[in-house]
Structures are given as structure tokens and as C-alpha cells.
Amino acid sequence: MTVADEEPALLGLAPVAPDRTVAYGPHPDQIVDVYEPRAGGGRAAARGPLVVLLHGGFWRAAYDRRHLSPLAAELAGRGLPVALAEYRRVGASGGAPQTFEDVTAAVGAAHAALAQDAVDPGVVLAGHSAGGHLALLAAARPGTPVTRVLAVAPVADLARAHELGLSDGAVAELLGDAPGFGERLAAADPLRHPPQGVPVTILHGTEDPEVPVEISRRYAARHPGSTDLRELPGVGHYAPVTPGSPSCHTLVGCLGPPVPTT
């Protein structure tokens, strides 16, 4: 698969319906889709930790969680209890600080709904792209059930992303153009807020055209003691979250038990 093929390969997958959906607030986007652990097509005992997935889309309402539902189903099929979180986004009552508040609430709701199905009481928070930014930001907040973060192609350095104008100024849209932009940028930038006792693994393709790998390199250089950066040679932005791709196998290996052989 070429880098140009990655996006259509992911978006061409049919969405997979969850087992159930849990609301954590009154807004239609304040929901978490639950995928229960399965084996052989049926319900199974969990073989790994609770995984909460945060989708990307540069925080915009035009992109929702459905494109990660095949990944959620794939992980559940490998024995992991999975919660695919939605959150308010720019253009639909989101942006700073609502989007950040929703992530905290969604993680709490997922933990309450699925902790009994996991092999340990913590949460592995996995986010892709803008969802990776949100996961890293959550890792810097004490008092959550998050015990580990896996950030895939994350917008890990918000200031640099803003300088580069990623996705036609998505960072400015997220934070708003009212006075105090600099303060909001500093408060929302994972680079400036180290993880609070939470180990972080970052997966990032070296050929990513959407979020350059330099963004993750800068974060890892700032927080070397808590960050394991794993670069994926020749990989772009979407392959790591596309079931069946070699880099998605790498992601699965970072989350839970080994891939079973048949």
C-alpha cells in the first residue's frame, strides 16, 4: 500500500456497529460506543486492558468516530474491551475547552462501563492524529484512570502545528481567535505538559503528509523519560489504524496480547 492509498483504504471500510452505546452528557456527541471482547464470533473473557479510542479529524465536526469502528471491532475480536469515544468538536459545540472536558468525561464513562471486563483496573488511552493530541493532554492531568497512552501520528506539539498551519489552520479553529490565544495554546499544548506518571508510546510514520513526524520527535525530545517513540519507515498517516496493515499489527502489539496464530 502506498501512502496515497492509505486514506481511501481506511475510509473505504464499512463501519462496525457497537454492542451498546453509553451517554456521558446531554449533547448528541457525548457518547461512547462499547465493543465487548470477543473470540470466535462470540462474547469472551477479556485478555487485555480496557482500551479507550479517540479518533482524529483535526478536532472538526466533519469527522466522527465511525472511521475507527473497524479498528475497535478488530481489537475487541482479539480479546480487548474497547470504548470508542465521541466528543464535541469544532463546528458542533466543541473546541477549547469543551472538547478537552469531554475527553475526561468520556474516559470516566468508559471506565465505569467496562472496567469489570478488563484484566486490570486502568485504561489504555489510544488516540490517532488529533485524538493523539487529546490522549497526550489527558496523560498530563492527574486523577484520571489512564495508566498508559498510545498516541498514533499525534499532534503532539501544538505550537509547531500552528506554525506549520496544519490542515488549513486547524489549531486556530480549535482554540478560537478571541484575546488570550497564547495562553490557551500553552494550556492545550502537550509539549508543555509532561505526562503525570503515565508511560507514553508514540507510533508515527516517517512519510506522514498530514502530521509530520518531526512533531512527535519534538515531543519525545522534550519528555524522554516517559516517551517511547517508534517510527514506522515508509508509513503515512492512516495505515496504523487500518486493520490488516502491517503497521496496524504493530499498534495491536502495543495495546495488548500477541496476535493469535491460526
Side-chain angles (χ1 to χ4, degrees), residues 10 16 18 32-37 46-57 59 63-87 99-100 102-104 106-111 113-115 117-120 122-141 144-156 190 195 198-205 208 211 216 219-220 226-230 232 235 237-243 245 247-257 259:
L10 174 62
V16 181
V32 172
D33 288 338
V34 172
Y35 294 79
E36 296 176 342
R47 297 170 49 241
L50 165 58
V51 177
V52 177
L53 290 179
L54 299 174
H55 71 85
W59 311 280
Y63 307 95
D64 65 19
R65 70 196 181 285
R66 287 177 294 180
H67 68 275
L68 282 195
S69 64
L71 176 61
E74 171 78 9
L75 297 175
R78 295 171 182 268
L80 298 171
V82 179
L84 176 56
E86 193 56 274
Y87 50 89
T99 297
F100 311 144
D102 279 3
V103 170
T104 300
V107 169
H111 187 252
L114 276 169
D117 289 333
V119 297
D120 63 58
V123 170
V124 178
L125 188 56
H128 174 238
S129 193
H133 158 263
L134 297 172
L136 293 174
L137 203 58
R141 297 190 184 113
T144 74
V146 175
T147 54
R148 186 156 52 97
V149 163
L150 175 61
V152 184
V155 189
V198 177
V200 170
T201 299
I202 295 178
L203 298 180
H204 210 135
D208 189 334
V211 181
S216 286
Y219 180 91
S226 55
T227 306
D228 176 17
L229 171 58
R230 305 184 188 184
L232 304 171
V235 173
H237 191 66
Y238 300 95
V241 293
T242 304
S245 74
S247 52
C248 190
H249 283 288
T250 300
L251 180 151
V252 171
C254 292
L255 287 175
V259 177

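Every value quoted in this text rests on a predicted model; they were computed, and no experiment measured them. All heavy atoms count here, side chains included; hydrogens, waters and symmetry mates do not.
- Separating the CZ atom in R230 from the CD1 atom in I202 is a distance of 11.5 Å, to the nearest 0.5 Å.
- Between L68 and V241, the closest side-chain pair of non-hydrogen atoms falls below 4.5 Å.
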> So Y238 and H67, side chain to side chain contact (heavy atoms under 4.5 Å, CB included) or not? Walk me through it.
Replying inline: CA-CA 10 Å; Y238 300 95; H67 68 275; over 6 Å; no
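- Of all heavy-atom pairs between S216 and L229, the closest is CB-CD1, 3.9 Å.
- Put simply, CG on L150 and CZ on R148 are 7.5 Å apart, with the number rounded to the nearest 0.5 Å.
- The nearest pair of heavy atoms linking A76 to E36 is CB-O, 3.4 Å.
- Between P49 and V124 there is a side-chain heavy-atom pair separated by less than 4.5 Å.
- Note: Y35 OH to S69 OG = 4.5 Å, rounded to the nearest 0.5 Å.
- Checking side-chain atoms of H128 against main-chain N and O of H237 turns up a donor-acceptor pair under 3.5 Å.
- Checking side-chain atoms of S226 against main-chain N and O of P199 turns up no donor-acceptor pair under 3.5 Å.
- T144 approaches A138 most closely through the heavy-atom pair OG1-O, 4.4 Å.
- Taking both residues in full, the closest heavy atoms of A73 and V16 are given as CB-CG1, 3.6 Å, listed atom of the first, atom of the second, then distance.
- Between Y87 and H55, the two ring planes are parallel [angle under 30°; tilted spans 30° to 60°].
- The shortest distance between side-chain heavy atoms of P240 and L232 falls below 4.5 Å.
- By the 4.5 Å heavy-atom criterion applied to side chains, P154 and H133 are not counted as neighbours.
- In this structure, the side chains of Y219 and T227 come closer than 4.5 Å at one or more pairs of heavy atoms.
- Judged by distance alone, the side chain of T242 and the main-chain N or O of S245 form no donor-acceptor pair under 3.5 Å.
- Using a 4.5 Å heavy-atom cutoff, the side chains of V211 and H204 are in contact.
- Between L125 and the options L53, V149, L50, a side-chain contact (heavy atoms from CB on, under 4.5 Å) holds for only V149.
- Contact annotation: the side chain of P18 never approaches that of L84 to less than 4.5 Å [non-hydrogen atoms, C-beta and beyond].
- What you find for V52 and A110 is that their closest heavy atoms are CG2-CB, 3.7 Å.
- At a threshold of 4.5 Å between non-hydrogen side-chain atoms, the residues L114 and P81 count as touching.
- A pairwise comparison of heavy atoms in A85 and L54 identifies CB-CD2, 3.9 Å as the closest pair.
- In this structure, CG on L134 lies 10.0 Å from OG on S129, to the nearest 0.5 angstrom.
- Other residues, nucleotides and ligands contribute only 12 or fewer heavy atoms inside 6.0 Å of the CZ atom of R66.
- From L255, atom CG reaches atom CZ of R78 across 10.5 Å, with rounding to the nearest 0.5 Å.
- No side-chain donor-acceptor contact under 3.5 Å links E86 to the backbone of V32.
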